[in-house]
Amino acid sequence: METPYSELRRCVAEAVGRVFALVGVEVDYASLENLIQEPPRPEFGDLAIPLPRVSRGLTEKCREVVSAIGELGGECIEKVECVGSYLNIWLRSSYLARILGRALATSRGSYGIPEKSTPKRVVVEFVSANPVHPLHIGSGRNAVLGDFIARAHELLGDIVERRYYVNDLGLQVAYLLYGYIKLSKPRAPPSMKDDHFLGLIYAATSILADIARLRKKLEHLTGDEAGEARRELDTLIGDLLRIRSRVPDVVEALTKSLSQVEDVDQEVRALSLAMESCDPTIVEVHREVVDRVLIGIRQTLERLGVVFDRWDYESELVRSGLVREVVEMSRNSEFITYYKNAPALDLGRLANDAVRSELGIPKSLEIPPLILARSDGTTLYTTRDIAYTIKKFREFNADKVYNVIAVEQTLPQAQLKLALYALGFYKEARSLVHYAYEIVNVKGFAMSGRRGRYITVDEILDTLIARARELARSRGVEISDEIALKIARSAFKYIMLSVSPKKTLVFDPEQAVEVKSGTATYVQYTYARANSILSKYGREPDFNGVGGDGLVGKRRELALLIARFPEILRKVVLELTPEDMVSYLNKLSEIFNSWYDTDPVLTEPDEQLRNLKLLLVYGTKVVIENSFKLLGLDVVERI
RNA sequence: GGGCCCGUAGCUCAGCCAGGACAGAGUGCCGGCCUUCUAAGCCGGUGGUCCCGGGUUCAAAUCCCGGCGGGCCCGCCA
């Protein structure tokens, strides 16, 4: 279906094109339409065309264009003006009102939502944070972006599955498990969630191992090197003290227990091996500690409104034999090689220009061989990821699989694609998308999961909830838990979505909890205002009874913005750029609020004009609703 | 050393891919607006060598080349 904005652009292009032809410049309407742009300021009209782009020398003929447009302007153009090298165009109010009214009347609540085509089957794997600590804001960004991708596909009518890869093998989990066993499966204090509690145990164990290692090393160091090591030691002890201030008993018991161990690292490595071989003496406690963390993570995700369809345990993947199968296939592959005496795939040889371009891998990215297994026979992360990717495609019969993973994993993700290709999974290799995002930095704070230095999603949500309550109370209103959570999580998500995923996001905890312009709350407030007007009006606006010359000033700006919405949404859905939607919502809310303040709707005596105003209110409401559906934000009827 | 990304107002960011008007928001700071549809709002003021240097163009924050600064990757870690 044609969008109102493309309709009006075509109308303008045709009218202007006819006039250009009259002054001797022939140009086809389609290319003229592409040259139409939005002026930077309202004084420059609703639309504008840079004349030199159309044809050299056209600027000089602009006066003739102006005088000719009166008769040939057609139904859409009110007037045009020449300013500098631009032709500025004002649309006829009645025309703009009519096409906007028709578009909204046709689609109502689904205004802007793309037409469904043949549904695709799409898997989005995201978050997949290691089960060793609570979700921090970095994982929060992943959760919000991944859910956005899933929602974008759902909006297109695709069938989407959300999967979480539980990385329950590897040294990180081994450290947690080690500490957990040494402490004889401790319970969390009543006020603390399990994932927060176990995250502290993980960090304390990891730090104690680091300290022991460093102390040993220090015995052989002198001079500058010794000084540096001592400073590092001080930092570690500082981190440990911070953890002790939260769980004193745990840290004391753990310190005492580990001080009697000759080589913690060696024991942890042994434990890791035992985990991977499903050693019956630990298999139960291993699963127990992982699941305790996962329950906490799942609660956090539920607070965010992010729900997964599948939780895939890495240990089960290994046990299923699929990983072994991948290694076997590799051994029979023509790309098998031995690198540093370990079995590997020579992906560099595979990655010629043709294959790279087929898989979307940059030419300049150097691809080292992918080592498949350690000398002890255990497999490596990327090897397992090959198996997991095959599993994701198979189990869901997927047309497309997204891996939402930090940009720092660009190389392993490229290797993953190439490995699939090398093993004959051509379609899978082509249909796998690494949706890369940059990390989150906290202002004045170096995050580290291993050191227990992070800001959790839970604490941000708690602070935001408290802040929302406080604000409501200051206005004499009590808000429900549900509303408070909706305000809080939307505020958090909005921040996560507002910066281009490829850019580092600087998170300022002080700013994050402020509720003002440019936040989700601001947009929610805008929605509540629009909603309030419409519910007081009590019935649907009369979409056909609009017209006249009412679209001036802010009303006109708002109408144009609403008219542009379907194109914006489409672009955001196809290009997966949530930040564009955020910018749009900020602009829309700003214009709406500014208009709202000076131009009453319900008391408007002129019926046609009132209908027009109601159309704008209705349009704003629907646009916010549908944007929120895409971004995973919550609208609130009252705030 | 090689590769990728980023550099725009004190701070956080749009705009760059598809070049176009005196470069836009938010925040901060200063001042004003609640007998009128929700003041979590609105209005006004303040604030910029678009990292630097060349080039292409009628026109460069945007494209090209060369620098500088910051981040990440180049593990038998994940």
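Keep in mind it's a predicted model, so treat the numbers as computed, not measured. Throughout, protein chains are lettered first and strands after them, A, B, ... in sequence-line order, and every chain is numbered starting at 1.
Mapping A/D508 and A/L365 onto RNA chain B via the closest heavy atom, the residue that lands nearer the 5' end is A/L365. Between A/S85 and A/N586, the residue whose closest nucleotide on RNA chain B is further toward the 5' end is A/S85.
Of all nucleotides listed (B/A18, B/A14, B/A21), B/A18 comes nearest to the side chain of A/E575.
A gap of 14 Å separates the C1' atoms of B/G67 and B/G7, to the nearest Å. B/C64 and B/C16 are spaced 14 Å apart, taking the P atom of each and rounding to whole Å. For the P atoms, the distance linking B/C17 with B/A61 amounts to 12 Å, nearest Å. Atom name C1', nucleotides B/C68 and B/G54: the rounded distance is 15 Å, in whole Å. With P as the reference atom, B/C77 and B/C63 are 41 Å apart, rounded to whole Å. When the P atom is used for both B/C43 and B/C6, the distance is 34 Å, rounded to whole Å. The gap from the P atom of B/C52 to that of B/A9 amounts to 11 Å, rounded to the nearest Å. Using P as the reference atom, B/C34 and B/A39 are 12 Å apart when rounded to the nearest Å.
For the 3.5 Å distance criterion, the side chains of A/S315 and A/D168 qualify, holding a donor opposite an acceptor.
Atoms CG and CD, from A/N130 and A/Q172 in turn, are 4.5 Å apart once rounded to the nearest 0.5 Å.
By the 4.0 Å N-to-carboxylate-O rule, A/E38 lies close enough to A/R564 to be salt-bridged with it. Between A/R467 and A/E470 there is a salt bridge, since at least one side-chain N of the basic residue sits less than 4.0 Å from a carboxylate O of the acidic one. Contact check on A/D599 versus A/K554 returns no salt bridge, with no Lys/Arg side-chain nitrogen under 4.0 Å from an Asp/Glu carboxylate oxygen. Salt bridge A/D481/A/R469: present, at least one basic N to carboxylate O contact under 4.0 Å. Under 4.0 Å is where a charged nitrogen must lie from a carboxylate oxygen, and between A/E478 and A/R473 at least one such pair does.
Within the nucleic acid shown, A/P362 has no heavy atom closer than 4.0 Å to any nucleic acid atom. Counting non-hydrogen atoms under 4.0 angstrom, A/S500 reaches the backbone sugars and phosphates but no base.
With A/Y388 as the partner, the ring-ring contact (aromatic ring centres under 6.0 Å, His included) test is satisfied by one option alone out of A/Y313, A/Y381, A/Y165: A/Y165. When each of A/L615, A/I533, A/L561, A/L588 is paired with A/T620, the side chain to side chain contact (heavy atoms under 4.5 Å, CB included) condition holds for A/L588 and for no other.
Pairing of B/A23, defined by two Watson-Crick or G-U wobble distances under 3.5 Å, is not identified with any nucleotide. Remark: B/U57 base-pairs with no nucleotide in the shown strands. Criterion, Watson-Crick or G-U wobble with two distances under 3.5 Å. Applying the Watson-Crick and G-U wobble criteria (two distances, each under 3.5 Å), B/U62 pairs with nothing in any strand. Base pairing annotation: B/C37 forms no Watson-Crick or G-U wobble pair, as no partner gives both donor-acceptor distances under 3.5 Å. Of the nucleotides present, B/G32 is the one that pairs with B/C42 by Watson-Crick or G-U wobble criteria, both distances under 3.5 Å. With a 3.5 Å ceiling on both atom-pair distances, B/G47 lacks any Watson-Crick or G-U wobble partner. The pairing partner recorded for B/G1 is B/C74, the criterion being a Watson-Crick or G-U wobble arrangement whose two distances lie under 3.5 angstrom.
A donor-acceptor contact under 3.5 Å links the side chain of A/N88 to the base of B/A21.
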Readout for nucleotides 71-78 of chain B: B = base within 4.0 Å of protein heavy atom, S = sugar-phosphate only, - = neither; 5' to 3' it is -SSS-BSB
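Applying the side chain to side chain contact (heavy atoms under 4.5 Å, CB included) test to A/R56 and every residue at least two apart in sequence or in another chain returns nothing.
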Check the interface with nucleotides 37-42 of chain B: list each N/O to N/O pair with the protein under 3.5 Å, or write none.
from: B/C37; atom 1: O3'; to: A/K536; atom 2: NZ; distance (Å): 3.0
from: B/C37; atom 1: O2; to: A/V601; atom 2: N; distance (Å): 3.4
from: B/C37; atom 1: O2; to: A/L602; atom 2: N; distance (Å): 3.3
from: B/C37; atom 1: N3; to: A/V601; atom 2: N; distance (Å): 3.0
from: B/C37; atom 1: N4; to: A/Y596; atom 2: O; distance (Å): 2.6
from: B/C37; atom 1: N4; to: A/D599; atom 2: O; distance (Å): 3.1
from: B/U38; atom 1: OP1; to: A/S532; atom 2: OG; distance (Å): 2.2
from: B/U38; atom 1: OP2; to: A/K536; atom 2: NZ; distance (Å): 2.9
from: B/U38; atom 1: O2'; to: A/Y525; atom 2: OH; distance (Å): 2.4
from: B/U38; atom 1: O2'; to: A/R529; atom 2: NE; distance (Å): 3.3
from: B/U38; atom 1: O2; to: A/R475; atom 2: NH2; distance (Å): 3.2
from: B/U38; atom 1: O2; to: A/I639; atom 2: O; distance (Å): 3.4
from: B/U38; atom 1: N3; to: A/I639; atom 2: O; distance (Å): 3.1
from: B/U38; atom 1: O4; to: A/E637; atom 2: O; distance (Å): 3.4
from: B/U38; atom 1: O4; to: A/I639; atom 2: N; distance (Å): 2.9
from: B/A39; atom 1: OP2; to: A/R529; atom 2: NH2; distance (Å): 2.7
from: B/A40; atom 1: OP1; to: A/R475; atom 2: NE; distance (Å): 3.4
from: B/A40; atom 1: OP1; to: A/R475; atom 2: NH1; distance (Å): 2.3
from: B/A40; atom 1: OP2; to: A/R475; atom 2: NH1; distance (Å): 3.4
from: B/A40; atom 1: N7; to: A/R475; atom 2: NH1; distance (Å): 3.0
from: B/G41; atom 1: OP1; to: A/S517; atom 2: N; distance (Å): 3.3
from: B/G41; atom 1: O2'; to: A/R529; atom 2: NH1; distance (Å): 2.7
from: B/G41; atom 1: O2'; to: A/R529; atom 2: NH2; distance (Å): 3.1
from: B/C42; atom 1: OP1; to: A/Y522; atom 2: OH; distance (Å): 2.6
from: B/C42; atom 1: O2'; to: A/D597; atom 2: OD2; distance (Å): 2.9

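Glycosidic conformation at B/C34 (O4'-C1'-N9-C4 for purines, O4'-C1'-N1-C2 for pyrimidines): syn, within 90° of 0.
Separating the CD atom of A/Q37 from the P atom of B/U62 is a distance of 17 Å, rounded to the nearest angstrom. Rounding to whole angstrom units, CG of residue A/D580 and C1' of B/C13 are separated by 13 Å.
Taking both residues in full, the closest heavy atoms of A/N167 and A/V173 are given as O-CG2, 3.4 Å, listed atom of the first, atom of the second, then distance.
In terms of phosphate contacts, A/K587 brings no side-chain nitrogen or oxygen within less than 4.0 Å of OP1 or OP2 of B/G26.
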